[in-house]
Every structure is written in C-alpha cells, then in structure tokens.
Amino acid sequence: MENKVIVALDAMGGDYAPVETVRGAVEAVNAHPEIRVILVGREKEIRAELGQYTYKEENVEVVNASEVIDMGDVPTKAIREKKDSSLVVAMNLVRDGKADAVVSAGSTGAILVGGQLIVGRVKGVKRPALAPFIPTVQGMSLLIDCGANVDARPEHLVQFAQMGSVYFENVIGKKKPTVGIINIGTEEEKGNQLVKDTYPMLKECPNIHFIGSVEAREIIRGGADILVCEAFVGNVILKFFEGVALTFLGQIKKGIMSSVRTKLGGIMIKPALKGLKQTFDVSSQGGAPLLGLKGLVVKAHGNSKSAEIRTAICQCIAFKENSTADKIKERINGGAL
C-alpha cells in the first residue's frame with residue numbers, strides 16, 4: 001500500500017459532484033492499480049454512488065466531511081471557518097502526509113487559499129502558480145500562470161518558468177523544455193513594463209531553456225513548451241482558447257448537418273473530426289496543478305465530468321514517482337538542469 005499514489009479527491013467539488021467525481025475516481029483506480037483514491041465528502045452520498053460500480057475496495061477509501069465550500073463563499077473565510085468541508089479535509093490529508101495529492105473541481109479561490117494556508121509553499125517559492133496544459137498542434141504546452149497571481153512581479157515570472165520547466169520535464173518527460181514569455185511582439189524591447197523587466201531575467205536564468213517572446217498566434221502552433229505570463233493574461237488566453245475551440249467545432253457540426261449532401265460527407269470525415277475534437281479539447285488535459293506547494297494540488301474544471309476527473313487523478317502519478325515537489329525546491333533554490 002505504501003507504494004501506491006494516494007490521491008485525496010474533493011468528492012463534493014464541482015457542478016456534477018458527487019456523481020461524476022465518484023465515477024471518475026472509480027475509473028482511475030480501475031485503469032491504474034497503483035492509485036488509491038480517498039473520496040472526501042458526505043459519506044452517505046458518496047457510498048450511494050460507489051454502490052453502482054465494481055472496483056477493488058482496498059483502492060478506494062471514504063472519509064466523511066459534513067460541509068461543502070460553495071462557489072459563492074469568500075475563499076479565505078470559507079477555508080478558515082468550514083473546517084469540516086470536503087476541500088479542507090482533503091488538503092489536511094496532504095499536509096499530514098496521508099495523501100500525496102488533492103484533486104478538486106470546486107472553488108478556484110478556495111483551492112488557491114487552501115493550498116497556501118494548509119498544504120504550504122515549498123521553501124523559496126514566492127508565489128504558487130496555476131499551470132494547465134493546453135493542446136497545440138505540436139502536442140501540448142504548459143500555461144503558467146492562469147489564475148493565481150493577477151499582479152505578479154518579474155521575479156515571480158522567473159520562478160514560474162523554473163517550476164513549469166520542472167513539471168514539464170517530469171510529467172511529459174522532455175528534457176530542457178523551451179520557455180517563452182507571452183508578448184505582443186517578438187522583439188526584446190516590446191511589451192508592457194512587466195514583460196520588459198522580466199525578459200532579461202529569463203535570459204540570464206541558468207536553469208531554463210528560454211527562447212524569447214511568443215505572440216498569441218504562435219501559442220496554438222506550439223511556440224514554446226512553457227508559456228509564461230501573469231494570471232490576468234493567462235486566464236484570458238485559457239478562456240478564449242476554450243471558447244474558440246467550442247465555437248469552431250460547433251460551427252463545423254452545424255455546417256455538416258445543414259443538408260443531405262453535407263451529412264453524407266460528414267460520415268466520411270467523422271473519424272478526422274473526432275481526432276480534431278480530442279486535439280483541441282482543453283478539458284481533456286485534466287486539471288491545472290498549483291505548482292510551488294509541498295504537495296500536489298490539482299484544480300479541475302468546475303464542469304468536469306468523470307473523464308476529466310479521471311485524467312486529473314492520473315496526473316498525480318508522475319508527480320509522486322518523480323519527486324516533483326523536491327525537484328522544484330531544488331531548482332528554485334539554485335539547483336541546475
């Protein structure tokens with residue numbers, strides 16, 4: 001049991017909890033015997049859902065938590081006052097060494113606050129950062145930060161680049177992943193003051209592979225493995241990406257269904273369209289890790305179904321097996337590539 005990757009899942013977090021969270025947990029342990037999931041939340045509701053599935057009981061545990069942090073709750077107040085909420089109890093399991101990671105599709109603000117107050121930052125990390133994978137024609141890129149630090153400083157962005165590089169190396173397995181800073185042009189003198197101040201610091205950083213600025217149109221082409229920005233820019237990019245992908249695919253479907261001829265053509269290209277949908281579906285990448293903490297905290301989409309929950313849980317395997325938190329600490333505090 002000690003060799004398993006133990007994931008505490010906030011079973012009550014998200015729009016479709018606990019139905020989809022429980023299903024995703026069962027799918028994860030059935031697909032990966034090395035995972036054990038601790039379902040945290042209202043035990044009666046969780047067990048009612050579990051009763052519908054077949055799984056190895058030793059790979060699933062239920063820990064009762066009577067409260068739920070709602071999307072409308074003030075994050076700091078909720079974390080401090082709702083001590084028996086599913087999110088707080090799950091994070092306490094990580095803090096106390098009883099779980100390796102926590103996954104939640106609940107309130108982003110509460111996850112950010114709880115991650116820092118309960119799980120705690122890695123020594124030397126100034127600001128944790130949310131870092132989702134986004135699909136590109138080259139595979140995927142890591143967008144960091146996309147929601148944790150709206151007002152970041154240059155030294156924060158440098159740490160984002162370092163943490164993102166470590167995570168990309170350990171999850172994707174690519175050595176020396178490329179790092180680019182999101183900018184409005186490729187010239188070094190372009191950008192707002194934050195970008196101008198950060199650019200030379202990234203150039204001088206010895207333990208990342210910095211390639212310069214990446215314009216927005218280059219993101220989808222895989223302009224860099226690690227895309228560095230402050231959270232306001234990152235969140236806009238992520239939400240725009242999601243909207244364009246959904247609209248684009250929706251318009252294709254609408255066009256195909258417009259006549260008998262296009263419907264017949266649609267049958268022929270259906271396999272290609274299915275692959276296209278999978279390629280540009282942001283939710284298929286699982287959740288966004290909050291990097292820079294002593295344990296792994298993964299924020300899944302609020303509207304996640306079981307497939308996204310399963311993928312978010314499975315993200316945690318490589319994090320533990322490669323001691324990613326320790327490697328982030330080493331990189332931030334002067335370790336080399």
Run the numbers on Lys329 and Asn333 for side-chain hydrogen bond (donor to acceptor under 3.5 Å, both in side chains), then give the verdict.
CA-CA 6 Å; Lys329 181 179 179 180; Asn333 290 287; over 6 Å; no

Closer than 3.5 angstrom, by distance alone: can the side chain of [X] be matched with the main-chain N or O of [Y] as a donor-acceptor pair?
X	Y	answer
Lys4	Pro33	yes
Arg127	Ala152	no
Ser107	Ala110	yes
Asp10	Gly13	yes
Asn322	Phe319	no
Thr21	Ala17	no
Glu20	Ser304	no
Thr178	Asp225	yes
Asp145	Gly147	yes

Atom [atom1] of residue position [X] - does it have more than 12 heavy atoms of other residues, nucleotides or ligands inside 6.0 Å?
X	atom1	value
Lys239	NZ	no
Tyr55	OH	yes
Asp96	CG	yes
Phe240	CZ	no
Lys82	NZ	yes
Glu189	CD	yes
Lys196	NZ	yes

Nearest-0.5 Å distance that lies between atom [atom1] in [X] and atom [atom2] in [Y]:
X	Y	atom1	atom2	value
Thr324	Met163	OG1	CE	13.0 Å
Lys98	Glu61	NZ	CD	9.5 Å
Glu49	Lys44	CD	NZ	13.0 Å
Ile220	Phe241	CD1	CZ	3.5 Å
Leu227	Ser141	CG	OG	5.0 Å
Ile134	Thr136	CD1	OG1	7.5 Å

Nearest heavy atoms of [X] and [Y], plus distance in Å:
X	Y	value
Leu293	Pro128	CD2-CG, 3.8 Å
Leu87	Ile79	CD2-CD1, 4.2 Å
Ala78	Ile69	CB-CG2, 3.9 Å
Ala224	Val179	CB-C, 4.1 Å
Asn59	Val29	O-CG1, 3.6 Å
Cys205	Gln162	SG-NE2, 3.6 Å

Find out if a path of hydrophobic residues (ILVMFWY) with successive side-chain heavy-atom gaps under 4.5 Å connects [X] to [Y].
X	Y	value
Phe160	Leu296	yes
Met12	Ile111	no
Leu39	Ile317	yes
Leu291	Ile332	yes
Leu142	Val125	yes

Using side chain to side chain contact (heavy atoms under 4.5 Å, CB included) as the criterion, point out the one residue from Val119, Leu130, Val103 that pairs with Val297.
Val119

Candidates Val195, Leu157, Val233, Val228 - the one meeting side chain to side chain contact (heavy atoms under 4.5 Å, CB included) with Ile182:
Val233

Is the shortest heavy-atom distance from the side chain of [X] to the side chain of [Y] under 4.5 Å?
X	Y	value
Lys294	Val94	no
Val171	Phe133	yes
Leu112	Leu290	yes
Cys314	His32	yes
Leu194	Glu230	yes

How far apart are the C-alpha atoms of Ser213 and Glu187, what are their side-chain angles, what is the distance that settles it, and do they pass the side-chain contact (heavy atoms from CB on, under 4.5 Å) test?
CA-CA 7 Å; Ser213 294; Glu187 299 87 352; over 6 Å; no

Go through the side-chain N and O atoms of [X] and [Y] and say whether any donor and acceptor fall under 3.5 Å apart.
X	Y	answer
Tyr199	Glu204	no
Asp84	Ser66	yes
Asn183	Glu215	no
Lys83	Asn92	no
Lys327	Asn170	yes

[X] with [Y]: basic N within carboxylate O range, under 4.0 Å:
X	Y	result
Arg23	Glu27	no
Glu308	Lys305	no
Glu188	Lys203	yes
Arg331	Glu169	yes

Begin from the C-alpha positions of Val298 and Gln315 and carry the test side-chain contact (heavy atoms from CB on, under 4.5 Å) through to its verdict.
CA-CA 9 Å; Val298 178; Gln315 278 182 257; 4.1 Å; yes

Going through the distances and angles, do Ile328 and Asp326 end up as a side-chain contact (heavy atoms from CB on, under 4.5 Å)?
CA-CA 5 Å; Ile328 287 176; Asp326 291 336; over 6 Å; no

Assess whether side-chain hydrogen bond (donor to acceptor under 3.5 Å, both in side chains) is satisfied between Asn3 and Glu34, documenting all intermediate values.
CA-CA 7 Å; Asn3 293 324; Glu34 69 271 35; over 6 Å; no

Check the pair Val40, Leu9 against side-chain contact (heavy atoms from CB on, under 4.5 Å), reporting the backbone distance first and the verdict last.
CA-CA 6 Å; Val40 183; Leu9 175 63; over 6 Å; no

